[in-house]
Colleague: 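Take a look at this one; I'll ask things after.
Order of the sequence lines sets the chain letters (A, B, ...), proteins ahead of strands, with each chain counted from 1.
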There are 2 protein chains.
Amino acid sequence: MSQTAYRTHHATEVTEKLVGQRVTLAGWVDRRRDHGGVAFIDLRDATGLVQIVIYDEEVARPLRSEFVVQVVGEVRERPEGNENEHLVTGKVEVVVESLTVLAKSDALPFQVSTALENEAENKLPGEDVRLKYRYLDLRRPAMQRNLKLRSDMTRAARHALEEMDFTEVETPTFIKSTPEGARDFVVPARLVPGSWYALPQSPQLLKQLLMVGGVERYYQLARCYRDEDFRADRQPEFTQLDIEMSYVGQEDVMAMAEKVIAAIWKTQGYDIKLPIDRITWQDAMDKYGSDKPDLRFGNPIVELTDYFKNTPFRVFQAPYVGAVVFPDGADTPRRQFDGWQEWARQRGAKGLAYVQFSGDGELKGPVAKNLSDEERAGLKQAVGAKDGDAVFFAAGAREPSQLLLGAARVEIARRAGLLDPKKFAFTWVVDFPLFKRTDDPDDDDVAVGHSKWTSMHHPFTMPSADWIDKFDKDPEHAMSDSYDIVCNGEEMGGGSVRIHRNDIQERVLDVLGIGPDEANEKFGFLLEAFKYGAPPHAGIALGWDRTVSILAGEDSIRDVIAFPKAGGGRDPLTGAPAPISDEQRAETGVDYDPDEE
Amino acid sequence: MSQTAYRTHHATEVTEKLVGQRVTLAGWVDRRRDHGGVAFIDLRDATGLVQIVIYDEEVARPLRSEFVVQVVGEVRERPEGNENEHLVTGKVEVVVESLTVLAKSDALPFQVSTALENEAENKLPGEDVRLKYRYLDLRRPAMQRNLKLRSDMTRAARHALEEMDFTEVETPTFIKSTPEGARDFVVPARLVPGSWYALPQSPQLLKQLLMVGGVERYYQLARCYRDEDFRADRQPEFTQLDIEMSYVGQEDVMAMAEKVIAAIWKTQGYDIKLPIDRITWQDAMDKYGSDKPDLRFGNPIVELTDYFKNTPFRVFQAPYVGAVVFPDGADTPRRQFDGWQEWARQRGAKGLAYVQFSGDGELKGPVAKNLSDEERAGLKQAVGAKDGDAVFFAAGAREPSQLLLGAARVEIARRAGLLDPKKFAFTWVVDFPLFKRTDDPDDDDVAVGHSKWTSMHHPFTMPSADWIDKFDKDPEHAMSDSYDIVCNGEEMGGGSVRIHRNDIQERVLDVLGIGPDEANEKFGFLLEAFKYGAPPHAGIALGWDRTVSILAGEDSIRDVIAFPKAGGGRDPLTGAPAPISDEQRAETGVDYDPDEE
């Protein structure tokens, strides 16, 4: 279907095969060079570039960058020595016989030319400008590739799921508020004044209802909404590849998901070795100080609690002491170590203790003098360091110390250039606790209930078989049947076996401090559904924006979303969000007062 | 992937091939029969039914309808004479060795059994009950088929578009309000207190921006939102298959859409003859009194304005007189004709004049005596009736008269049983006017501007080539490059060539009564985008819920949506919409008062 009303061929179809033929092309003026009164123009369309040659100065004169033109002309070989081997069309050019300007362009706020791609990346304006002129930003080859990559990945995932007999089902956007750990976006319902719909944080309960409804294999590329403070790289709306299955256990879901992930990576030529390795949540925390460890490199955390159990150093007389090696870090200048202290303070730590194993075997650094001779003597072996390395320590409560060391481990690798975006290290993280404490200061999720326990995943997660009878007697140690898929230190997705029995669901809610009345009000419909024969079921969701950004090698998910929001949920392109008129407001019913009726 | 933690086979995989093998199955107890202490149970899963046989009364006793069970047993041939030829599994049965109840079921509010399918349709409760227990309603075979059909159609459409090199792009749900003829749903933006996002009525402007951004072929199965009064069969959220292309004209889009539609219908074994026939909007109105004519049957409207130009009958001394034949309607009892009068009055008409051509050639009916002898004599031939027919008339303004006759034409066919849901009559409706009057009483769209003209499609529709220079001088007669695809009297979708030049866009907005300031405020971003070289583009959108319902043969789109809303946008299942807490309300920022800051 190249041939349309405006063209006979796409740009990159114009090759040696067409020499001597007349073609009609349409596209943007990408770059223009003039030699001796002749204009050479790179014409750009969605497929790429082709050179057109205009001998008529009258025709060529008005043409500027990003004019949209239609040209009719004959394809000829380029004169010898003028070939461009970087282009598919580099051996030919089109001698223009007639040209129509389909649309003019003002001078651009920034350059989008393909020819300037490498330089252009460096000349990009700030993100607000890119987003304000997103339609220009999208013309850049890098963004064209990202959009195409996303579409290709989506297609591959769908095809893999179709082969496994999944049914795509669309679930509603207008639902009732459900407790999933973040704030809901809400929409006033004009026809029921004073009432609101909530937008789904995920289709979690809806897909569980589909299982109760006999759809044994469901999937959907689902839009989800969370009204969070837009720290870091979050968007108010995001997409997840949402999957649920009946009559399956954890292994079935993981095997299915591995096939999907392998199909996605295959689109870019990567063969992922299956099955994907696994690590328990406890091991991930102990070794990598993270529930989403980056395994592109080693250098695990070493626990030294036992090693320092009789230490004279007050700081290390702590429930937990751990260390991570900073390879070849011994010669790091003092002011860089000071920078590390600042880095640690920004993460809420008091600082980052360190020692240096200098080349001559001497132990240096502020901590060194506080240790006993015995501790100094055995330290190198205990942490697995070599002469020339430095070592960072953290001491205190176990989890925050591990998180700090885990972050230091990644930062060390980042500075050493070990975070290769073309290398993909997958792992499943398994054996998660069922609950976590609500007073965890490192967690910004909203507790779903009113007790000191909240769900590690969500309240619908099945306790593991060993814990079904006793999870509520020992919430601290209870484990769940849940799993996360992690790639390069990013959580790509996660899932769990779900509770399908009311007795278990009610006991879990009780631990969370959600009594029967509140449970009924919030999701009585799920508890009601479980009365009528709910099959065992389990599922997973992949954060689609993040998954695409990982494979695209982009740091920010905004670079793989066509029209993302900037900070604070603003859209520099359209100006959303914006005030509404008094009439619109009145119609929404938000000011409805039942007493005035 | 039949084999999972809970089963070795699906129900319908259990055939003669497995005789003698041990299988593990899981599913619902569909129907149970007991003979001589032996229980025969139809076990149901997503694939269908298989009979299991339980000899142990202790095991069988507690089992009730819709219990979820897992059984292990040996496959054997059924005793001769006990085969069920309606089932794939009808020659075998599974003798149960062990059975586990995975979930119990209370007595059901209504029956969902496959075995009762035909009767069950008649025993269905009211729709509110079906929606409240939607997870049970979805277990019914008819609904399982509809969900599967929808998924299959979606897959076929995607594959067809993929073959034509379309890129799937997701556009945002949180946008700025744009004028598209209905009320927006709005979402308060907590982080910008007092500001709101609008939910898209369609991705119209976003997909146009994608064209400006160089995505030459875009598609998306897009969720759209319109806050309308939920008359008839509308939903507050709906899905459309949204498509846009650059460097194309109307013919390109229509050819592309025909391939997609053919691929969809092919999933159910229908071969649609391409190209699809076309009718002009004017012809559709004149002949069928509708811009979405049902062409499964003929019986067009006949215009009689000229015929009655000298009539003595005051009622027919009108700008327009038309008629539609009611075949074999002459002997219709008087009280049924009275019913037709009531039918017409419900449509806002004063009544429905008629005559009867009785078998003996005599002209009867209330109108007959008002006509001249000459008019009476020639009428049968003029309207194309035969003895034994009746004829309905409408007189008055052209358009409302035609709409009434068009509705009568369909109602006549409906009562005659001519609306076969398994027959599909497609047509393109083309050559639409560019504008329509805002004072049209038969149109509930909201005018987008402030003049007596509003857009027939939307403000971004291109005038046809003949009219580009003069549409604003004669808005009444100006034509547009737009097209609707109609099947069986339903509008499946529509589209248009879009304006891609600011000069034309501004002149169209001017006709609509939208001045430069308002245009800039409402969609200045589009006008800004057109400054930087916008390619010519065109597109189409198919209303996906409606398209599925047509192919499924369902009258209501609610039967092809997993979780639809009931009247007034209520969800009987979850209770949405619902009040929100004072805390939630405060957080939304809807009560933000800048003066209080």
Colleague: Heavy-atom pairs under 4.5 Å with chain A: which of B:Pro172, B:Ala576, B:Pro564, B:Pro188 has the most?
Modeller: B:Pro172
Colleague: So for B:Glu251, is it side chain, backbone, both, or neither that comes closer than 4.5 Å to the heavy atoms of chain A?
Modeller: neither
Colleague: Between A:Ser195 and B:Pro577, what is the shortest heavy-atom contact and its length?
Modeller: CB-CB, 3.7 Å
Colleague: If you tally heavy-atom pairs under 4.5 Å against chain A, which of B:Glu162, B:Lys148, B:Lys132 wins?
Modeller: B:Glu162
Colleague: Are B:Gln584 and A:Ser177 side-chain neighbours, meaning at least one heavy-atom pair lies under 4.5 Å?
Modeller: yes
Colleague: Quick check: do A:Tyr532 and B:Pro109 have side-chain heavy atoms less than 4.5 Å from each other?
Modeller: yes
Colleague: Can you tell if the side chain of B:Tyr247 reaches within under 4.5 Å of the side chain of A:His10, non-hydrogen atoms only?
Modeller: no
Colleague: Picking from A:Thr171, A:Asn502, A:Val29, which has the most non-hydrogen pairs under 4.5 angstrom with chain B?
Modeller: A:Thr171
Colleague: If you count heavy-atom pairs under 4.5 Å between each of A:Leu136, A:Val68, A:Thr47 and chain B, which one has the most?
Modeller: A:Val68
Colleague: Counting heavy-atom pairs under 4.5 Å with chain B, which one of A:Gly575, A:Ala534, A:Gly249 comes out on top?
Modeller: A:Ala534
Colleague: Below 4.0 angstrom, N of the basic side chain to O of the carboxylate: do A:Arg7 and B:Glu216 qualify?
Modeller: yes
Colleague: What part of B:Leu199 lies closer than 4.5 angstrom to a heavy atom of chain A: side chain, backbone, both or neither?
Modeller: side chain
Colleague: Side-chain contact, heavy-atom cut-off 4.5 Å: A:Thr574 with B:Ile175?
Modeller: no
Colleague: Given heavy-atom pairs under 4.5 angstrom as the criterion, report whether the side chain, backbone, both or neither of B:Asp45 touches chain A.
Modeller: both
Colleague: Is B:Arg585 close to chain A through its backbone or its side chain, or both, or neither, when contacts mean heavy atoms under 4.5 Å?
Modeller: side chain
Colleague: If you count heavy-atom pairs under 4.5 Å between each of A:Val590, A:Leu102, A:Thr173, A:Asp152 and chain B, which one has the most?
Modeller: A:Thr173
Colleague: Measuring from B:Ser151:OG to A:Arg217:CZ, what's the distance to the nearest 0.5 Å?
Modeller: 13.5 Å
Colleague: Looking only at heavy atoms and a cut-off of under 4.5 Å, which of B:Gly524, B:Ala189, B:Gly27 has the most pairs with chain A?
Modeller: B:Gly27
Colleague: Which region of B:Ala107, side chain (C-beta onward) or backbone (N, CA, C, O), has a non-hydrogen atom less than 4.5 Å from a non-hydrogen atom of chain A, or is it both or neither?
Modeller: backbone
Colleague: Can you tell which part of B:Ala529 gets under 4.5 Å to a heavy atom of chain A, answering side chain, backbone, both or neither?
Modeller: both
Colleague: How many angstroms lie between atom OH of B:Tyr135 and atom CZ of A:Phe530, to the nearest 0.5 angstrom?
Modeller: 10.5 Å
Colleague: If we only count heavy atoms from C-beta on, is the A:Lys176 to B:Asp571 side-chain gap below 4.5 Å?
Modeller: no
Colleague: Most heavy-atom pairs under 4.5 angstrom with chain A, which of B:Leu210, B:Val169, B:Asp165, B:Val215?
Modeller: B:Leu210
Colleague: So which part of B:Thr154 gets closer than 4.5 Å to some heavy atom of chain A, the side chain, the backbone, both or neither?
Modeller: side chain
Colleague: Under a 4.5 Å heavy-atom cut-off, does chain A meet the side chain of B:Lys531, its backbone, both or neither?
Modeller: both
Colleague: Using heavy-atom distances under 4.5 Å, tell me whether A:Val212 contacts chain B through its side chain, its backbone, both, or neither.
Modeller: both
Colleague: With a 4.5 angstrom heavy-atom cut-off, is it the side chain or the backbone of A:Thr167 that approaches chain B, or both, or neither?
Modeller: both
Colleague: At a 4.5 Å cut-off on heavy atoms, which part of B:Arg139 comes close to chain A: side chain, backbone, both, or neither?
Modeller: both
Colleague: Kindly indicate whether the side chain of B:Pro579, heavy atoms from C-beta on, has any atom under 4.5 Å from the side chain of A:Trp196.
Modeller: no
Colleague: For B:Gly568 and A:Tyr197, which heavy atoms make the closest approach, and how far apart are they?
Modeller: O-OH, 4.4 Å
Colleague: Counting heavy-atom pairs under 4.5 Å to chain A, which of B:Glu163, B:His159, B:Gln250 comes out on top?
Modeller: B:His159
Colleague: Side chain from CB out, backbone as N, CA, C, O: work out which of these in B:Ile561 comes under 4.5 Å of a heavy atom of chain A, or both, or neither.
Modeller: neither
Colleague: If we check side-chain hydrogen bond (donor to acceptor under 3.5 Å, both in side chains) with A:Glu168, which of these qualifies: B:Arg158, B:Arg155, B:Arg150?
Modeller: B:Arg158
Colleague: Give, as side chain, backbone, both or neither, the part of B:Met211 having an atom under 4.5 angstrom from any heavy atom of chain A.
Modeller: backbone
Colleague: Hey, which of A:Ala562, A:Ser65, A:Pro536 has the most heavy atom pairs under 4.5 Å with chain B?
Modeller: A:Pro536
Colleague: Given that the side chain runs from C-beta out, which part of B:Gln208 has a heavy atom under 4.5 Å from chain A: side chain, backbone, both or neither?
Modeller: neither
Colleague: Which bit of B:Lys565 comes within less than 4.5 Å of chain A, counting heavy atoms only: side chain, backbone, both or neither?
Modeller: side chain
Colleague: Counting only heavy atoms closer than 4.5 Å, note whether B:Arg64 contacts chain A via side chain, backbone, both or neither.
Modeller: neither
Colleague: Do A:Tyr225 and B:Phe174 have their ring centres less than 6.0 Å from each other?
Modeller: yes
Colleague: Under 4.5 Å, counting heavy-atom pairs only, tell me which of B:Thr588, B:Leu108, B:Val101 racks up the most with chain A.
Modeller: B:Leu108
Colleague: Find out whether A:Glu170 and B:Thr239 are in side-chain contact, i.e. whether some heavy atom of one side chain is under 4.5 Å from a heavy atom of the other.
Modeller: yes
Colleague: Would you say A:Leu221 and B:Leu221 make side-chain contact, with heavy atoms under 4.5 Å?
Modeller: no
